[in-house]
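A short write-up of the structure that comes next.
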Amino acid sequence: MSQDEDFKKIILENAIKHKGEANVKFVFGTVLKNHPDWKSKIPELKEKLQPLVDQVNSLSLDDQKELLKKINPKFFEKKDERNLFSFFHIKEGDTVVTAFPPSPEKHYHIGHAKAILLNYLLAKQYNGKFYLRFEDTNPKNVKSEFYKVMQDDISWLGVKWDNLFYASDYIDLLIEYAEQLIKNNQAYVCFCKPEEMSENRKIKKACSCKNHSPQENLIEWEKMKKEYPEGKASLRLKIDMKHKNARMRDPAIFRIIEAEHPRHGYKYRVYPTYDFQNAVLDGYLKVTHRLRTVEFEMASELHHYIRKILKLLDTQTYEFSRLNLEGMLSSGRVIREEIEKGNLIGWDDPSLPTLAALRRRGFSPKAMELMLVETGITKSSGCTLTWDTLIKYNKRVLNDQANRFFFIKDAIEITIENDPKKEYSLPIHPKLDLGLRTFKSNGSYLIEKEDFDSFKENELIRLMDNINFVFKDINNLVFDSEDYLNFKNYKDSKKIIHFLPNDSEQIVDATVFTPEHELIKGKAEKHIEQLKVGEVIQFERFGFCRLDSIEEKDGQKIYNFWFTH
């Protein structure tokens with residue numbers, strides 16, 4: 001296929017994807033990606049592409065398709081789209097309501113993001129609703145600040161909930177259901193100590209408390225609510241102590257907790273267990289489907305049972321394997337200890353896989369979604385996530401989004417003999433037509449010492465998208481040419497490096513903080529002044545970075561970045 005035919009193919013494909021209207025910016029980016037030799041002739045390329053785009057856009061969509069069929073028939077081959085949630089067998093028109101129930105007590109990490117996103121994507125795929133419900137019925141664990149922390153983290157993932165609920169707001173309802181079970185002789189107050197209860201479950205033995213009448217249990221239940229101290233008694237479901245599933249052996253559904261609740265103070269003395277309130281509220285709020293990690297598999301039978309005896313809507317659940325985070329510190333207890341020791345700067349330390357840290361480093365939530373969709377949902381263990389895997393998906397997103405700039409660490413000055421001292425321009429983005437960064441040369445440049453130390457005698461060096469010079473020796477760097485083709489056709493040793501003009505008017509101070517806690521100081525091009533805090537860019541030949549803060553020192557601004565990868 002000739003170059004002109006490839007240009008037309010790119011334009012036609014873009015036009016058909018966008019209902020007959022090709023976007024010249026996207027076409028321009030794709031052409032540069034496929035034909036890098038045009039990077040040195042950007043004005044000429046723009047002049048060449050615009051008439052072709054206009055010509056294609058003047059055709060009807062049907063004519064565009066007919067023309068592309070002749071050039072690239074493979075474009076129209078049907079691609080199989082895998083339904084990630086086919087195991088639910090949801091039919092068109094079925095009601096779909098999903099939920100994610102976090103406990104507001106800690107920072108969540110990338111492993112938790114899987115359950116959040118899967119439930120959200122399921123609702124989105126079937127035009128359903130997604131609920132966020134805080135499971136906050138243990139006042140000893142709940143920390144008020146995490147209500148907001150979790151909402152911020154989940155919002156950052158791109159998740160929009162249709163309703164926000166707090167399980168603690170439904171304690172009165174849960175008490176009503178508990179009393180209904182007592183009256184129906186389906187629940188009893190138990191005075192066994194936790195260790196005794198645990199031992200009885202192991203040996204499948206019922207205790208004498210189970211023989212009390214509903215009337216006796218109601219009396220004891222009132223004492224639980226008003227006077228019994230914490231640990232004195234619990235309310236248990238009456239199921240079967242010989243059940244093969246240990247979770248079904250008369251589980252506790254309410255216990256006494258004497259502690260202040262962040263939202264309700266000391267209004268309650270009895271609080272539902274996680275299993276009871278989770279099962280009831282899923283049914284009461286009419287949650288139709290839930291995806292959760294495999295550790296809930298044993299609890300699933302109990303949850304279905306609770307909804308059945310209370311005549312609530314039964315939620316379809318699917319338990320999938322957890323992500324094993326290899327090489328990532330994810331234990332909340334250990335992280336907290338490391339923060340207290342001063343080894344980590346906080347829950348958003350750049351070495352951590354917490355959502356707070358990933359957000360601050362500049363990871364894209366779109367990358368998380370791509371990773372989940374492509375790796376699928378499975379019950380089998382061994383689904384391991386490494387930094388390399390996460391970085392692979394994040395690069396895929398950032399490569400198309402991040403603007404490019406220059407940053408020089410460990411800078412040294414060089415002077416190029418016979419430098420043309422011209423004004424030159426570099427693209428802000430290699431694919432998208434987002435404008436140019438303009439520099440003025442005075443013959444003196446800043447480059448990295450590591451690059452300078454690697455130069456060989458008579459090696460041709462190209463300053464990216466600018467000029468070529470020959471390295472004679474450490475004191476003789478001589479201008480050779482401007483054209484990229486001269487560099488490309490050079491037969492001997494050659495390399496391309498990035499640079500900055502050695503001019504205080506065109507550079508600013510910058511730092512980059514790495515996951516290894518190294519603070520790299522250097523100089524960056526003045527064009528980064530256009531950035532806003534939070535933007536992720538790519539420093540050429542260095543890596544992706546997120547602007548974390550801008551500070552002033554001695555009248556000069558310093559741009560502080562966090563290294564993404």
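Start at 1 with the first residue, then count along the sequence.
Two rings, from Phe405 and Phe539, have their centers 6.0 Å or more apart. Taking the six-membered ring where the residue is Trp, the centroids of Phe544 and Phe563 are separated by 6.0 Å or more. Between Tyr266 and His261, the ring centre distance reaches or exceeds 6.0 Å. Checked against the 6.0 Å centroid threshold, Phe561 and Phe513 do not count as a close aromatic pair. Proximity of the aromatic rings of Phe134 and Tyr147 is defined here by a centroid distance below 6.0 angstrom, and this criterion is met.
Remark: Phe406 engages His498, Phe499 in a ring pair (Phe, Tyr, Trp, His ring centres under 6.0 Å) (not counting sequence neighbours). In this structure, Glu260 has no salt bridge (Lys or Arg N to Asp or Glu O under 4.0 Å) partners at least two apart in sequence or on a different chain. Among residues two or more places apart in sequence or in another chain, the side-chain hydrogen bond (donor to acceptor under 3.5 Å, both in side chains) test is passed with Asn394 by His565.
Cation-pi check for Arg361 over Trp387 is met; the charged atom lies under 6.0 angstrom from the ring centroid and within 45 degrees of its normal.
For residues 114-129, the set of pairs meeting the salt bridge (Lys or Arg N to Asp or Glu O under 4.0 Å) definition, not counting sequence neighbours, is empty. Residue pairs satisfying the salt bridge (Lys or Arg N to Asp or Glu O under 4.0 Å) criterion with at least one member in residues 501-518, sequence neighbours excluded, are listed as follows: Asp509-Lys523. Each salt bridge (Lys or Arg N to Asp or Glu O under 4.0 Å) pair with one or both residues in residues 266-287, not counting sequence neighbours, appears once here: Arg133-Asp282, Asp172-Lys267, Arg247-Asp275, Glu258-Arg269, Asp282-Arg290.
The existence of a salt bridge linking Lys557 and Glu551 is excluded, since no basic side-chain nitrogen approaches an acidic carboxylate oxygen closer than 4.0 Å. The residues Lys449 and Asp410 are annotated as not salt-bridged, no charged nitrogen and carboxylate oxygen being separated by less than 4.0 angstrom. A salt bridge is absent between Glu340 and Arg336: the closest approach of a Lys/Arg side-chain nitrogen to an acidic carboxylate oxygen does not fall below 4.0 angstrom.
When each of Asp153, Leu132, Ile116, Val149 is paired with Pro102, the side-chain contact (heavy atoms from CB on, under 4.5 Å) condition holds for Leu132 and for no other. With Tyr131 as the fixed residue, the ring-ring contact (aromatic ring centres under 6.0 Å, His included) test singles out one of Tyr166, Trp161, Phe165: Phe165.
Taking 4.5 Å as the limit, some side-chain heavy atom of Leu385 sits within range of a side-chain heavy atom of Met371. Counting only heavy atoms from C-beta outward, the side chains of Tyr126 and Asp94 never approach each other to under 4.5 Å.
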